[in-house]
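Working notes, structure below.
Hydrogens, waters and symmetry mates are skipped; everything else that's a heavy atom, side chains included, is used. The chain is numbered in sequence order, starting from 1.
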Amino acid sequence: MKLISLVALALAAQNAAPQDAEPAITNLDQLPIGQATAVRCGVAFAVVEGWQERSDARGGEWPNIVESGGREFFVRAAVQLMDERGLDRDAFAALVQTESLRMLEDEGEPTKAIMPACLLLLDTPPN
């Protein structure tokens with residue numbers, strides 16, 4: 001019984017180890033547009049949700065992010081990207097941090113610009 005467990009563990013480790021490791025992803029521009037857009041929109045939803053929680057006027061022009069599914073969208077986008085690209089939480093957090101800073105530039109103008117398109121994604125069924 002122990003031998004079977006050891007073999008199963010060895011096979012799992014072999015399957016988990018990337019054969020040809022991809023270069024580290026440090027920027028959303030390194031991703032296909034669908035993956036990059038999902039993360040960008042997830043970050044935009046998080047920014048708007050933060051505005052709404054703080055009663056910042058910038059959040060008032062958008063539907064309630066939690067009720068509209070923006071938070072769930074972000075979680076699903078995060079899990080999907082980490083699974084598809086083999087990212088750990090730290091690598092994903094670094095991408096989100098970089099994108100968050102970009103989304104908050106110029107009083108949040110990048111967020112305001114992308115939100116109409118991102119809201120359309122909430123009506124799109126998942127893959």
Side-chain angles (χ1 to χ4, degrees):
M1 187 70 153
K2 288 185 179 188
L3 180 58
I4 293 172
S5 297
L6 289 174
V7 171
L9 286 173
L11 288 173
Q14 180 182 5
N15 290 337
Q19 301 301 322
D20 295 319
E22 292 185 35
I25 298 167
T26 58
N27 185 308
L28 292 180
D29 293 335
Q30 295 171 277
L31 298 173
I33 192 160
Q35 289 177 334
T37 299
V39 175
R40 282 191 174 104
C41 286
V43 170
F45 293 145
V47 168
V48 172
E49 182 180 341
W51 290 340
Q52 291 173 345
E53 288 175 351
R54 292 186 305 279
S55 299
D56 185 311
R58 294 174 292 182
E61 58 187 285
W62 309 110
N64 182 292
I65 294 301
V66 175
E67 292 174 8
S68 65
R71 182 184 289 174
E72 181 181 347
F73 178 93
F74 185 38
V75 170
R76 282 191 281 150
V79 169
Q80 185 174 0
L81 182 67
M82 288 191 298
D83 284 348
E84 290 176 357
R85 292 294 173 157
L87 298 177
D88 62 18
R89 287 181 183 211
D90 290 339
F92 182 77
L95 286 173
V96 169
Q97 176 68 23
T98 300
E99 188 61 17
S100 296
L101 293 173
R102 192 187 73 74
M103 285 285 181
L104 290 168
E105 291 174 352
D106 301 321
E107 298 296 314
E109 286 303 317
T111 301
K112 294 176 192 176
I114 198 172
M115 276 299 291
C118 291
L119 290 172
L120 293 174
L121 290 177
L122 293 179
D123 296 328
T124 304
N127 295 343

Value rounded to 0.5 Å, distance of [atom1] in [X] from [atom2] in [Y]:
X	Y	atom1	atom2	value
R71	N64	CZ	CG	9.0 Å
N27	E99	CG	CD	8.0 Å
L31	T37	CG	OG1	10.0 Å
C41	L121	SG	CG	4.5 Å

Nearest heavy-atom pair of [X] and [Y]: which atoms, and what distance?
X	Y	result
I114	A44	CG2-CB, 3.7 Å
F92	A78	CZ-CB, 3.4 Å
W62	P116	CH2-CD, 3.9 Å

Worksheet entry | Chi angles and distances behind the side-chain contact (heavy atoms from CB on, under 4.5 Å) call for Q80, Q35 | CA-CA 9 Å; Q80 185 174 0; Q35 289 177 334; over 6 Å; no

Worksheet entry | Audit row: L87, L95, side-chain contact (heavy atoms from CB on, under 4.5 Å) steps and yes/no | CA-CA 10 Å; L87 298 177; L95 286 173; 3.9 Å; yes

Worksheet item: Is M82 linked to V96 within one hydrophobic cluster, defined over Ile, Leu, Val, Met, Phe, Trp and Tyr using a side-chain heavy-atom separation of less than 4.5 Å?
Response: yes

Worksheet item: Does atom CD1 of I33 have more than 12 heavy-atom neighbours from other groups under 6.0 Å away?
Response: no

Discussion item. Please determine whether the number of non-hydrogen atoms from other residues, nucleotides or ligands lying under 6.0 Å from atom CD of E61 exceeds 12.
Written reply: yes

Worksheet item: Does the Q52 side chain pair with the main chain of G59, one donor and one acceptor, at a distance under 3.5 Å?
Response: yes

Discussion item. Quick check against the 3.5 Å criterion: does E72 have a side-chain atom that pairs as donor or acceptor with the backbone of G69?
Written reply: no

Worksheet item: So, are E105 and R102 salt-bridged, with charged N and O less than 4.0 Å apart?
Response: no

Check whether any side-chain heavy atom of [X] sits under 4.5 Å from a side-chain heavy atom of [Y], and report yes or no.
X	Y	value
L81	I25	no
V47	R58	no
M115	I65	yes

Practice prompt. Give me the ring orientation class for F45 and F73: parallel if the planes are under 30° apart, tilted from 30 to 60°, perpendicular past 60°.
Written response: perpendicular

Worksheet entry | Verdict with supporting geometry, T111 and V48, side-chain contact (heavy atoms from CB on, under 4.5 Å) | CA-CA 8 Å; T111 301; V48 172; 3.7 Å; yes

